[in-house]
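Remember, it's 1-based here, ligands and their atoms both numbered in the order they're listed.
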Amino acid sequence: MKLEAVPGAPQDGDLEFVLATDKEFEEIVSMSHGIYGGLDYLPSRYHSWIGEKDRMVVLAKKGGNVIALLSMFIVDGGQTALLEGLRVAPWERGRGVAGVLQRFCCQLVKHRYPSVKVMRLTRDDKLTAKELTKYRVIAKQGILLLQFNAPELSSRLSSLPLPPGPSCPPPPILLNPDHVRSVFLERGGILKDLLPNQTVIQDWQPFQALPGNHDLLRRKSLRWMADDLAQPRVATVCTPPFPVPAGPLCFYLNIDVFGSGLRGTKEQLLSHLAAFAPSLPGDVKCQLFLPPSMWRPMADFCTSVLGFHLEKGYTEQYLLESDM
Ligand SMILES: CC(C)(COP(=O)(O)OP(=O)(O)OC[C@H]1O[C@@H](n2cnc3c(N)ncnc32)[C@H](O)[C@@H]1OP(=O)(O)O)[C@@H](O)C(=O)NCCC(=O)NCCS
């Protein structure tokens, strides 16, 4: 489908904007080569994204070839547009294409979804001074990137006890969809005060703690845990592993941590690992997104007790917002 040109299109007027289809997949993959050090999530999401309800994946083409991509996903009961997947072909970078595509997509969202009030995005790179005037920083989480070999870990998992603590808390609870609603999403939800700015950030996607997001989150087959149903101190959500292009057998396993409580976090991490590691064939890049103060103790636990390899030092995930 062709989309009409918008004011603000590049001076030379040689870009056209189209909605993405399955046909452009190979072009997107080759354009994205090397992004995120070979850990690009887009190849594993692309086909489901283009058919997803309330999501638009827009491509910028030049001379008939794809040179940029951006997705806008409408969440929070129609109040928020999530900006995701932004990428510009390496040979077109530094010429403002990203800005032009973003402005086009914002216009499209305003036209199709007049209820949208704000645009949100997550990033892990430093914002320029100009960008800091464009966005409000809504929340931030620390990023702990680790690597392990799944078959090797699986052979050791049952003999990996937690170091003894001062008390022995009850085991973590695997949440069912009703629990997820009451703990995370209901007005005054039990965990609401522990979430970063009342937002469930699930694997880079921010969802406000609103019941309207329940169905959407339910469709993702996530694994949710908390240390307690009535008064949780810490809760986690694990995204099912998905392959990344870094190697033939390389998977990403991403876990978001909310609240505090080191022992509870370790127990929930072990439970998620026990649930997923045995089905994985090779290396796993594991990303933990967690409150910044938990980064160091969790890094120590994962390297010295679990034997994981620390892939990089402390970095941050920022949740940004601007008015539409
Ligand atoms: C980051 C990337 C998309 C920037 O594209 P670009 O066309 O070279 O960017 P330019 O510097 O020419 O354009 C700057 C505009 O893009 C915006 N921009 C740059 N990086 C951005 C980012 N990571 N997220 C959102 N907007 C970004 C700037 O705010 C600026 O907007 P303005 O025109 O309103 O001022 C490109 O370098 C790329 O594809 N990198 C690899 C993938 C990647 O890191 N994507 C970011 C995902 S969060």
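Using a cutoff of 4.0 Å between basic side-chain nitrogens and carboxylate oxygens, Glu131 and Arg123 are scored as salt-bridged. A salt bridge does not link Glu16 to Lys61: none of the charged side-chain nitrogens sits closer than 4.0 Å to a carboxylate oxygen. Asp215 and Lys53 are not joined by a salt bridge, as no carboxylate oxygen comes within less than 4.0 angstrom of a charged side-chain nitrogen. Between Arg87 and Asp40 there is a salt bridge, since at least one side-chain N of the basic residue sits less than 4.0 Å from a carboxylate O of the acidic one.
When each atom of ligand 1 is checked for a heavy atom of Gly99 under 4.0 Å away, the hits are 15 (C), 16 (O), 31 (O), 33 (O). Which parts of ligand 1 touch Gly94 is read off a 4.0 Å heavy-atom cut-off, strictly below it: atoms 6 (P), 8 (O), 12 (O). Close approach to Arg87 involves these atoms of ligand 1, each under 4.0 Å from a residue heavy atom: 39 (O). Heavy-atom proximity to Arg103, at under 4.0 Å, picks out these atoms of ligand 1: 32 (P), 33 (O), 34 (O). Close contacts of ligand 1 with Leu121, meaning ligand atoms under 4.0 Å from a residue heavy atom, involve 24 (N), 25 (C).
The single protein non-hydrogen atom nearest to atom 5 (O) of ligand 1 is Ala98 CB, 3.3 Å, given as residue, atom name and distance. Nearest non-hydrogen protein atom to atom 10 (P) of ligand 1 is Gly96 N, 3.8 Å. Nearest non-hydrogen protein atom to atom 17 (C) of ligand 1 is Gln102 NE2, 3.7 Å. With respect to atom 47 (C) of ligand 1, the closest heavy atom belonging to the protein is Tyr36 OH, 3.0 Å. Summary of contacts: the protein heavy atom closest to atom 39 (O) of ligand 1 is Val88 N, 2.7 Å. Of all protein heavy atoms, the one lying nearest to atom 29 (O) of ligand 1 is Glu131 OE2, 2.7 Å. Among protein heavy atoms, atom 38 (C) of ligand 1 sits closest to Arg93 NE, 3.3 Å. Scanning the protein for heavy atoms near atom 3 (C) of ligand 1, the closest one is Leu86 CG, 3.6 Å.
Asn254 and Gln287 form a side-chain donor-acceptor contact under 3.5 Å, judged by distance and modelled atom types alone. Residues Thr21 and Glu24 have side chains that bring a donor and an acceptor to within less than 3.5 angstrom of each other.
Distance alone, capped at 3.5 Å, places no donor-acceptor pair between the Asp227 side chain and the Gly264 backbone.
Partners of Thr236 according to the side chain to side chain donor-acceptor pair (under 3.5 Å) rule, which considers only residues two or more places apart in sequence or in another chain, are Gln268, His272.
The N/O atoms of Lys130, backbone and side chain alike, include one that comes under 3.5 Å of an N/O atom in ligand 1. Checked against a 3.5 angstrom limit, the closest N/O atoms of Lys134 and ligand 1 fall inside it.
Less than 4.0 angstrom separates atom 21 (C) of ligand 1 from at least one non-hydrogen atom of the protein. Inside a 4.0 Å radius of atom 1 (C) of ligand 1 there is not any protein heavy atom.
Using cut-offs of 30° and 60° for the angle between ring planes, the Tyr46 and Phe25 rings count as tilted.
Contacts between Leu83 and ligand 1 below 4.0 angstrom, taking non-hydrogen atoms only, are absent altogether. Of all the heavy atoms of Arg95, the ones lying under 4.0 Å from any atom of ligand 1 belong exclusively to the backbone.
In this structure, CG on Asp124 lies 5.0 Å from CD1 on Ile143, to the nearest 0.5 angstrom.
At a threshold of 4.5 Å between side-chain heavy atoms, the hydrophobic network of Ile, Leu, Val, Met, Phe, Trp and Tyr places Val118 and Leu216 in two separate groups.
Each of Phe73, Phe289, Tyr318 was evaluated against Trp204; a single residue qualifies, Phe289, per the ring-ring contact (aromatic ring centres under 6.0 Å, His included) test.
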